[in-house]
2 protein chains.
Amino acid sequence: MIRISKLTDYALVIMAYIGRDPERLAQTSDIALNTHIAKPTTAKLLKRLAKRGLLESQRGSTGGYKLTKGPSEISAIEIIESIEGPLAIMDCTLGSNHCAIFNSCTINAPWVQINNTIVAALQTIKLSDLHAKPIAVTQEMRHD
Amino acid sequence: MIRISKLTDYALVIMAYIGRDPERLAQTSDIALNTHIAKPTTAKLLKRLAKRGLLESQRGSTGGYKLTKGPSEISAIEIIESIEGPLAIMDCTLGSNHCAIFNSCTINAPWVQINNTIVAALQTIKLSDLHAKPIAVTQEMRHD
DNA sequence: AAAATTGGTACTAACTTAGTCCCCAATCTT
DNA sequence: AAGATTGGGGACTAAGTTAGTACCAATTTT
């Protein structure tokens, strides 16, 4: 399938949530609570986003995460690629030796061009475009 | 990953091969031999392509497959969707109740629009664009 | 020093995909 | 009419990927 994975979807939700209040240091528990994503999963994704430089973190008892750039400066493709790696609809888009039947392959398709089109489309979506919907429910779930 | 599956990749190679000689009735063994795709896999894909109407089949000892339309009338998206189903980068692109956190989702992204952009890009690629590369090796493999 | 928080890694389970095989139906050749 | 060849359909197995969890180390505040 040509599909964005669940984890990446979650990452977008998490980033959108943090982006609502860019100056605040949001903690894992708070983010998990309000996005309704399981806490371990939330923590895992936050670590990855921080490692890739999309979030800056602070340790310690009053620690948390915040954006490194403004919500209008972060595009969907950055978030997607920070979780999934480079976007490549076909193996051969990545380079020569990723395709199993490379030597015998008889097709000559403009995959690279198509790939670029998709990337470009995803670049136009900024984090600031993603938080239009109000949060449905807050502070109702248990703290596990 | 946002990626076209191997089987779909094979399907494109197979269609491109058949499209080289649109009037000829190509047989599974011949296709498998020249595309270097395992015969059972080739057969499986040919059945699906025929079922979706991209190929017409003839049974019997001189049977085989051929295109139902000209190579310039078949686009990459048709082949992709005939193997993978409707292209949907996010679950919510398919409709309301495909997303696990639908009720609590706080993002409002133009996924449908992005999806349409990708589909449009893949529609511009016709089967006739795919067979530019010469066949590397013919008639060298064993017949298993 | 204690409590709270992030950082990193390893591990398990579930799901999806890839690939194979078998038997049936249809058609052609002899 | 019989036999050979080909496609049709489905079931099954194995492998790989993804999702999710848990644990312990490092850091900071109080």
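Quick note: numbers below take in every heavy atom, side chains included, and nothing from hydrogens, waters or symmetry partners. Below, read A as the first sequence line, B as the second, and so on, with proteins coming before strands; counting in each chain starts at 1.
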side-chain hydrogen bond (donor to acceptor under 3.5 Å, both in side chains) against Thr68(A), all qualifying residues, sequence neighbours excluded: none

Any idea which heavy atoms bring Gly63(A) and Leu25(A) closest together, and the distance? C-CD2, 3.9 Å

Nearest-angstrom distance from the residue atom OH of Tyr10(A) to C1' of dT18(D): 11 Å

Nearest whole Å is fine: how far is dG20(D) P from Ile83(A) CD1? 13 Å

Charged N to carboxylate O under 4.0 angstrom, Lys66(B) versus Glu23(B)? yes

Which heavy atom in Thr35(B) sits nearest to a heavy atom in Ile14(B), and how many Å separate them? CG2-CA, 4.4 Å

Measuring from the side chain of Ser5(B) (C-beta onward, heavy atoms only), which nucleotide among dT17(C), dT21(D), dT20(C) has the closest atom? dT17(C)

Let me know the distance between CG of Leu7(B) and P of dG19(C), rounded to the nearest Å. 6 Å

Atom pair distance, as rounded to whole Å: CG in Asp9(B) and P in dT17(C): 15 Å

Among Arg52(A), Gln123(A), Lys69(A), whose side-chain hydrogen bond (donor to acceptor under 3.5 Å, both in side chains) with Glu78(A) holds? Lys69(A)

Tell me the interatomic distance from Leu45(B), atom CG, to dA18(C), atom P, rounded to whole angstroms. 9 Å

Spacing of Ile80(B) atom CD1 relative to dT17(C) atom C1', expressed in whole Å: 17 Å

Check the distance between dA19(D)'s C1' and Ile37(A)'s CD1 and give it to me in whole angstrom. 13 Å

Any side-chain donor-acceptor pair under 3.5 Å between Thr28(B) and Lys39(B)? no

Rounding to a whole Å, what distance do you find between Lys39(B):NZ and dG7(D):C1'? 11 Å

Its contact letters, B for base, S for sugar-phosphate only and - for none at protein heavy atoms under 4.0 Å, make nucleotides 4-15 of chain C read BBBBB-------

